[in-house]
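Reviewing the structure listed below.
Residue numbering restarts at 1 for every chain, and letters A, B, ... go by the order of the sequence lines. These numbers come from a predicted model, not from an experiment.
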Amino acid sequence: MTRRIVEILKKGQPEETITIQGWVRTKREQKGFAFIEVNDGSSMSGLQAILNADLPDYETILKNLNTGASVEVEGILAPSPGKGQRIELQASSVKVYGDADPNTYPLQKKRHSFEFLRTIAHLRSRTNTLGAVMRVRNACATAIHKFFQDKGFIWVHTPIITANDCEGAGELFTVTNLDLNNTPKKEDKSAIDFEQDFFGRRAYLTVSGQLQAEVMAMAFQNVYTFGPTFRAENSNTSRHLAEFWMVEPEMAFCDIVGDRDLAEEFLKYIFKYVLETCPEDMEFFNKRIDNSVLATADNIINNEFERISYTEAIDLLVKSNKKFEFPVEWGLDLQSEHERYLAEELFKKPVIVTDYPVGIKAFYMRLNDDNKTVAAMDVLAPKIGEIIGGSQREERLDVLETRMKDLDIPPEELWWYLDLRRYGTVPHAGFGLGFERVVQFMTGMANIRDVIPFPRAPLSAEF
RNA sequence: UCCUCGGUAGCUCAGCGGUAGAGCGGUCGGCUGUUAACCGAUUGGUCGUAGGUUCGAAUCCCACCCGGGGAGCCA
């Protein structure tokens with residue numbers, strides 16, 4: 001492997017002979033010589049190389065060295081007399097691997113709209129912005145693993161195909177290998193007979209690894225999942241994807257307070273890690289995408305998150321005297337506009353809301369002693385809303401069974417989940433973090449489809 | 001799925017009943033150190049699709065398709 005440009009820009013010394021490989025970002029021809037900027041994806045900045053006309057095949061090489069061409073440049077590093085870079089590469093030999101016809105190559109040396117870049121998702125990672133996004137995304141993922149591994153959590157791989165359609169987290173994609181032009185029918189011809197399908201029952205893409213993570217937490221105490229999840233909702237927003245990555249820690253012997261504190265520590269850790277490892281990319285986002293991202297990161301890292309109960313949140317919303325489109329009333333769920341008021345206007349930092357009414361939350365959340373609320377928590381972040389949703393789980397078999405009955409969830413579907421309460425049950429808690437939303441929050445990118453390489457959304461799965 | 005705005009050159013947009021435009025890009029030429037280089041010339045179109053109104057439609061009307069923003073659902 002040749003040296004990466006990120007390292008050369010930091011540590012490269014004059015007189016060193018080096019070889020770089022990458023893609024041409026710009027070519028600036030002069031009389032008798034030319035500049036090219038080569039980027040290899042290792043950093044925002046590329047390395048400037050100078051090609052003198054006395055290079056063998058200079059004319060041919062220059063003609064093929066257009067934006068997008070792949071190239072290997074060998075030469076000697078020298079201090080750069082021009083402004084904008086410390087060092088530059090004086091090329092002694094240049095090899096063009098593949099040219100890029102400027103008549104058809106869609107990326108220009110100028111700003112493109114993100115809408116256009118989504119139509120060329122196979123090329124957009126070569127742009128400054130998407131390059132920075134993907135490096136920050138990588139740093140976020142690394143931070144997540146480091147955080148949990150340093151605390152002794154076990155990374156567990158929960159299934160992507162599941163047979164439970166009762167997890168209550170939205171519409172599911174069906175997984176089948178039946179012949180869709182000739183599906184087997186049940187005896188009364190009313191419906192498809194999934195007993196003849198691959199798994200002998202209807203199967204789905206997972207919407208959450210939580211239930212299986214609970215299984216694993218009952219053996220390893222502290223675990224986390226980190227993988228793709230799927231929702232077949234017809235959601236057309238800048239905050240939703242049909243395929244997204246989710247992080248779900250689950251802790252045995254833990255209550256809602258421990259859960260809440262971990263969520264805050266976790267978010268702070270990620271932000272700190274990314275600021276330390278991707279300073280150049282973060283500067284770019286602050287300058288070109290959203291001039292508040294560095295201040296926001298600073299705010300996250302250095303301030304305590306606000307902690308309020310759902311009941312207090314309702315009081316604050318009523319007292320605000322603001323005109324909301326949706327009603328504010330105890331028992332109704334908080335709407336986007338309410339969440340935004342709390343996080344953006346009132347507290348101007350993340351807010352953790354706990355103890356929601358039992359009627360608006362999932363069956364597995366632990367019933368509080370007031371019998372009216374459950375030990376749920378949402379972390380609301382300025383600009384993007386709910387970034388984390390979690391809860392203490394109901395560990396009491398009888399209470400859980402009653403809740404499932406109230407919600408018409410057949411217990412035989414989740415017999416194994418109920419078994420966890422029969423054998424060695426323990427208070428436990430966890431949360432789910434939408435990975436792309438963290439990357440969005442971190443970078444200031446307005447649309448979630450621009451923080452994942454190949455976004456999956458309604459009518460969108462081309463690449 | 002609902003509300004709303006939009007779809008005109010490769011890209012970003014102007015034109016909004018009367019001969020299809022600009023900037024950028026591409027191409028050609030110029031320039032001894034450029035930084036999304038610069039200067040000059042030049043190239044480039046089924047005006048989203050299908051109907052309708054009109055002497056005449058990119059422009060007005062209708063339907064559909066696609067995209068942005070917002071909402072719902074949620075992470």
Distance criterion of 3.5 Å, no angle test: do you see the side chain of [X] paired donor-to-acceptor with the base of [N]?
X         : N      : answer
Lys109(A) : C24(B) : no
Ser235(A) : C74(B) : no
Glu115(A) : U12(B) : no
His240(A) : C74(B) : yes
Gln108(A) : G26(B) : no

Taking 4.0 Å as the cut-off, does a side-chain nitrogen or oxygen of [X] come that near to OP1 or OP2 on [N]?
X         : N      : answer
Ser336(A) : G72(B) : yes
Lys63(A)  : C28(B) : yes
Asn103(A) : G26(B) : no
Gln335(A) : G72(B) : yes
Asn236(A) : G69(B) : no
Arg239(A) : A71(B) : yes
Ser238(A) : G70(B) : yes
Gln30(A)  : U34(B) : no

Nucleotide nearest [X] when distance is taken to its side chain, options [options]:
X         : options                : answer
His112(A) : C11(B), A71(B), G33(B) : C11(B)
Glu233(A) : C73(B), C11(B), G33(B) : C73(B)
Lys110(A) : U27(B), A71(B), A36(B) : A36(B)

Sugar-phosphate, base or nothing in reach of [X], heavy atoms under 4.0 Å:
X         : value
Lys361(A) : nothing
Ile388(A) : sugar-phosphate
Glu88(A)  : base
Thr119(A) : nothing
Gly82(A)  : base
Glu29(A)  : base
Pro106(A) : nothing

Atom-pair distance ([atom1] on [X]; [atom2] on [N]), nearest Å:
X         : N      : atom1 : atom2 : result
Met365(A) : C74(B) : CE    : P     : 10 Å
Arg25(A)  : G25(B) : CZ    : C1'   : 17 Å
Phe431(A) : C74(B) : CZ    : C1'   : 17 Å
Glu386(A) : G72(B) : CD    : C1'   : 14 Å
Asn66(A)  : A36(B) : CG    : P     : 18 Å

Item to complete: Taking the six-membered ring for Trp and the full ring for Phe, Tyr or His, determine whether the centres of Phe326(A) and His338(A) are under 6.0 Å apart.
Response: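 No, the ring centres sit 6.0 Å or more apart.
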
Which pairs count as ring-ring contact (aromatic ring centres under 6.0 Å, His included) when at least one residue sits in [range], sequence neighbours excluded?
range                       : value
residues 93-115 of chain A  : His112(A)-Phe116(A)
residues 52-75 of chain A   : none
residues 429-463 of chain A : His122(A)-Phe463(A), Phe226(A)-Phe435(A), Phe266(A)-Phe431(A), Phe271(A)-Phe441(A)

Could you tell me how far [M] sits from [N] if I compare only their [atom1] atoms? Round to whole Å.
N      : M      : atom1 : value
U19(B) : A57(B) : P     : 12 Å
A58(B) : U43(B) : C1'   : 23 Å
C2(B)  : G15(B) : C1'   : 32 Å
C60(B) : G17(B) : P     : 7 Å
G25(B) : C16(B) : C1'   : 27 Å
G18(B) : C28(B) : P     : 39 Å
C55(B) : C62(B) : C1'   : 23 Å
A63(B) : U53(B) : C1'   : 15 Å

Taking atom types as modelled and ignoring hydrogens, do the side chains of [X] and [Y] form a donor-acceptor contact shorter than 3.5 angstrom?
X         : Y         : result
Thr229(A) : Arg231(A) : no
Arg288(A) : Thr129(A) : no
Asn39(A)  : Arg126(A) : no

Considering every strand shown, what is the Watson-Crick or G-U wobble mate of [N] when both distances are under 3.5 Å?
N      : result
C55(B) : G18(B)
C38(B) : G30(B)
G10(B) : C24(B)
G67(B) : C5(B)

Discussion item. Holding to ring pair (Phe, Tyr, Trp, His ring centres under 6.0 Å), I want the full list of residues that pass it with His428(A), two or more places apart in sequence or in another chain.
Written reply: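 For His428(A) there are no ring pair (Phe, Tyr, Trp, His ring centres under 6.0 Å) partners, ignoring immediate neighbours.
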
Worksheet item: What pairs with Phe33(A) under ring pair (Phe, Tyr, Trp, His ring centres under 6.0 Å), at least two apart in sequence or on another chain?
Response: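 In terms of ring pair (Phe, Tyr, Trp, His ring centres under 6.0 Å), with neighbours along the sequence ignored, Phe33(A) is linked to Phe35(A).
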
Item to complete: Run through Ile144(A), Ile301(A), Val247(A), Leu275(A) and flag the one making a side-chain contact (heavy atoms from CB on, under 4.5 Å) with Ile270(A).
Response: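 By the side-chain contact (heavy atoms from CB on, under 4.5 Å) criterion, Ile270(A) pairs with just one of Ile144(A), Ile301(A), Val247(A), Leu275(A): Ile144(A).
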
Fill in: Identified side-chain contact (heavy atoms from CB on, under 4.5 Å) partner of Ile308(A) from the options Leu316(A), Ile314(A), Asp355(A)
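By the side-chain contact (heavy atoms from CB on, under 4.5 Å) criterion, Ile308(A) pairs with just one of Leu316(A), Ile314(A), Asp355(A): Leu316(A).
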
Discussion item. Can you work out whether Lys31(A) or Gly389(A) has the more 5'-proximal nearest nucleotide on RNA chain B?
Written reply: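 First, find each residue's nearest nucleotide; the 5'-ward one identifies Lys31(A).
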
Fill in: Neighbours of RNA chain B within residues 33-48 of chain A, by heavy-atom distance under 4.0 Å
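The stretch gives Phe33(A), Phe35(A), Gln48(A) as the residues lying under 4.0 Å from the strand, ordered by number.
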
